[in-house]
There are 2 protein chains.
Amino acid sequence: MAEILNLSTSTVSKSLLGHSDIGESTKNRVLELAKKMNYQPNLFGKGLRTQKTMSIGVIIPDITIHYSALILKGIIESAKGSGYRVIISESGHHHEDEKDAMNTLINSNVDGILLSIARESSTIDHILDASNFIPIVLFDKVSTKIPLTKIIDDDEFGADTAVQHLIDCGRTRIVLIREKCKTSNSENRYRGYARALTRAGIAIDEKFVRECDSMSIEDGYSVMEALLAEKVEFDGVFGATDNVAIGAIQAMKKNGINIPKDVSVIGFSNSKNSTIIEPNLSTMEQPGYNIGKYAVKYLLEEISEDSDISTNRTIELKTKLIIRDSSSL
Amino acid sequence: MAEILNLSTSTVSKSLLGHSDIGESTKNRVLELAKKMNYQPNLFGKGLRTQKTMSIGVIIPDITIHYSALILKGIIESAKGSGYRVIISESGHHHEDEKDAMNTLINSNVDGILLSIARESSTIDHILDASNFIPIVLFDKVSTKIPLTKIIDDDEFGADTAVQHLIDCGRTRIVLIREKCKTSNSENRYRGYARALTRAGIAIDEKFVRECDSMSIEDGYSVMEALLAEKVEFDGVFGATDNVAIGAIQAMKKNGINIPKDVSVIGFSNSKNSTIIEPNLSTMEQPGYNIGKYAVKYLLEEISEDSDISTNRTIELKTKLIIRDSSSL
DNA sequence: TTGTAAGCGTTATCAC
DNA sequence: GTGATAACGCTTACAA
């Protein structure tokens with residue numbers, strides 16, 4: 001390109017970068033040719049010089065979870081809008097794979113990392129270590145122990161709203177199906193559950209609080225079967241994910257329990273499934289797409305700030321109550 | 001690293017790359033230190049020299065479709081196994097966005113591209129053009145007009161199997177709900193439908209063949225409502241996707257039609273939804289994960305072959321009949 | 001067996 | 001206002 005115009009590479013480079021010390025006419029000549037030949041600067045050369053790749057890495061436990069894919073959509077679109085490329089890796093909920101992915105990404109010279117931590121990740125040293133080298137923003141599955149920017153939905157308030165809705169339906173013996181692993185999501189939803197009950201003057205009875213490993217439909221089903229086998233009497237179910245709520249509904253229906261006449265049920269997520277199960281599942285809509293968007297926004301902010309201060313802040317996005325047939329009176 | 005060991009950079013480089021002309025002892029010294037300091041070559045330097053990035057780009061219409069995410073999972077895992085990074089972009093089914101994504105990826109110096117074409121992509125010139133520069137493998141949504149490697153499931157055989165199953169259930173007036181847009185998926189599934197009917201000596205009646213735009217649950221619902229409004233008499237429904245089959249089931253249930261007593265229904269995909277709808281949906285399981293795996297395999301093959309021959313071949317992966325309640329007699 | 005030097009494409013510094 | 005030059009980190013002829 002420089003040769004064609006009989007200019008030095010530096011003049012061309014400066015024109016392209018809009019430096020002020022270039023004559024208008026030459027600058028225009030360069031810009032024009034650049035456009036004509038659809039010139040795109042070589043990213044290796046550029047990267048070698050500037051140490052920036054214009055790419056961010058994402059680590060997520062499982063891409064096939066609909067909610068994860070929704071967040072990813074927000075990430076991809078938002079990154080594209082800012083000219084960033086997105087490299088995606090999966091941890092499969094495994095601690096080692098998460099570490100590997102982290103290393104690979106750092107090694108790929110991504111400018112920043114978006115991380116949703118694996119259930120198994122008991123230790124967080126690898127994250128703390130890495131955050132000294134590279135901006136990291138956590139989203140969805142986070143840990144309060146890590147002093148970084150975190151983008152999540154307002155789990156506690158959401159759970160509170162969900163349980164309050166069941167209470168409004170006249171329910172008082174409300175089962176919570178939560179995740180066994182003490183993730184911050186799980187803790188916060190438990191807190192919301194407890195808060196709503198307490199506010200209504202209902203004592204928290206641990207026999208109503210049930211745990212399961214993977215929060216799958218199958219898990220919800222077996223938790224409910226156990227509950228029924230134990231002849232626990234309840235009139236409401238709050239599934240901390242739509243999946244467990246759906247599994248619970250399937251088990252109750254099989255056992256002749258009428259929903260919502262005998263038991264009101266609400267989930268958490270507003271997954272597609274919630275409008276397919278019968279009765280349609282009331283639920284809390286999670287702002288997945290926006291979590292992705294904000295995650296990118298704050299990450300890019302931290303990338304460009306280029307400061308060494310790792311900001312410890314939590315951004316909570318609103319959930320929304322969606323009432324369907326599983327909880328109406 | 002070179003300095004620490006008092007060696008030249010070239011000696012170090014050669015040791016790392018395992019060149020034969022390096023003394024065993026120095027080589028080992030280098031390898032040892034490399035391991036100790038967890039040395040990772042700079043990708044810009046390397047890329048600038050070798051023009052390889054060890055990354056592949058993926059363009060997919062919509063990441064939130066469960067089946068797409070499943071393919072993506074196969075792609076990511078398979079790429080990781082070969083040391084490749086995966087850059088993902090979405091076309092949102094738009095032709096222009098697909099073109100943009102293509103350019104961005106090529107511009108990012110990815111070593112190859114995996115493409116699932118957008119519904120809107122009427123013209124294919126951008127793909128043909130690009131395939132001169134860079135290896136491209138098509139998957140899932142492909143076009144027979146493009147002479148490249150294509151990884152798909154055996155839509156025609158799968159559809160044939162599905163319809164044959166309905167025939168085996170004693171059904172003869174079988175509705176097909178297919179995609180309006182003449183993608184090769186849609187065409188092949190239609191062909192399978194026609195083949196099974198013809199083989200059974202049933203004439204193809206176009207009033208049974210219905211089309212819709214986006215193959216959503218809502219689409220399936222309205223197609224079925226139209227069918228019922230027209231008082232078309234049928235006893236079987238083959239939804240070319242699970243979604244339309246589910247929508248059709250919902251519409252039929254609402255109109256008091258008993259499934260599978262009055263009408264047998266089968267879908268295509270084996271999405272999670274198919275076990276939530278009642279009755280559970282019979283369907284053809286698609287090999288999403290493997291499509292992803294094979295797509296990477298063949299792409300890497302073409303990348304390493306480095307030949308200019310763009311191979312025109314189609315790899316078909318098997319679908320599998322899954323019988324559930326929506327079609328049993 | 002090891003080292004030297006050139007070059008990949010870009011940008012920043014400094015001299016003209 | 002423009003251009004020469006060095007440098008980023010790596011690989012590879014070629015020289016020693």
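Every chain is numbered from 1 and lettered A, B, ... according to where its sequence line falls, protein lines coming before strand lines.
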Classify the side chain of A:Arg49 and the base of C:dT10 as holding, or not holding, a donor-acceptor pair under 3.5 Å.
no
Taking every heavy atom of B:Lys52 against every heavy atom of A:Phe44, the minimum-distance pair comes out as O-CZ, 4.2 Å
side-chain N/O A:Thr9 vs C:dT10 OP1/OP2, d < 4.0 Å:
no
Would you tabulate the nitrogen or oxygen pairs shorter than 3.5 Å linking the protein to nucleotides 13-16 of chain D?
none

Test applied, side chain to side chain contact (heavy atoms under 4.5 Å, CB included); reference residue, B:Asp97; option that passes from B:His95, B:His93, B:His94
B:His94
Determine, for B:Glu98 against B:Lys141, whether the closest basic-nitrogen to carboxylate-oxygen distance falls under 4.0 angstrom.
no
Can you measure A:Lys46 atom NZ to D:dC8 atom P for me and round it to whole angstrom units?
19 Å
Closest-nucleotide 5' rank along DNA chain C - winner of B:Glu24 and B:Leu48:
B:Glu24
For the side chain of A:Tyr39, starting at C-beta, report the closest nucleotide among C:dT10, D:dC8, D:dT12.
C:dT10
Gap between atoms CD and P, on A:Gln51 and C:dT10 respectively (whole Å):
16 Å
Between B:Asn290 and B:Lys318, do the side chains contain a donor N or O and an acceptor N or O under 3.5 Å apart?
no
Can you measure B:Arg29 atom CZ to C:dT2 atom C1' for me and round it to whole angstrom units?
12 Å
Take atom CE of A:Met54 and atom P of C:dT10, then tell me their distance rounded to the nearest Å.
16 Å
Closest-nucleotide mapping onto DNA chain D: is B:Thr50 or A:Thr26 further toward the 5' terminus? I mean the 5' end.
A:Thr26
Among D:dG9, C:dT10, C:dT11, the one nearest A:Ser13 by side-chain distance:
C:dT11
Ranking B:Gly45 and B:Ile22 by the position along DNA chain C of their nearest nucleotide, the one closer to 5' is B:Ile22
Does a side-chain N or O of B:Ser8 approach OP1 or OP2 of C:dT4 to a distance below 4.0 Å, or not?
no
Give every donor-acceptor pair under 3.5 Å between a side-chain atom in residues 66-73 of chain B and any protein atom, sequence neighbours left out.
from    : atom 1 : to      : atom 2 : distance (Å)
B:Ser68 : OG     : B:Asp62 : O      : 3.4
B:Lys73 : NZ     : A:Asp62 : OD1    : 2.8
B:Lys73 : NZ     : A:Glu90 : OE2    : 2.9

Need one value for B:Leu43: base, sugar-phosphate or nothing, where a base atom within 4.0 Å counts as base even if backbone is also close, heavy atoms only.
nothing
Rounded to whole Å, how long is the line connecting atom CG of B:Asn107 with atom C1' of C:dT10?
14 Å
Atom-to-atom span, CZ of A:Phe44 to C1' of D:dC10 - whole angstrom
12 Å
A:Asn28 CG - D:dG1 P separation (whole Å):
14 Å
To the nearest 0.5 Å, how far apart are OG1 in B:Thr53 and CZ in B:Arg85?
6.5 Å
For A:His19 and C:dT10, give me the distance from atom NE2 to atom C1', rounded to whole Å.
12 Å
Assess whether a salt bridge exists between A:Lys297 and A:Glu77, defined as any Lys/Arg side-chain N lying under 4.0 Å from an Asp/Glu carboxylate O.
no
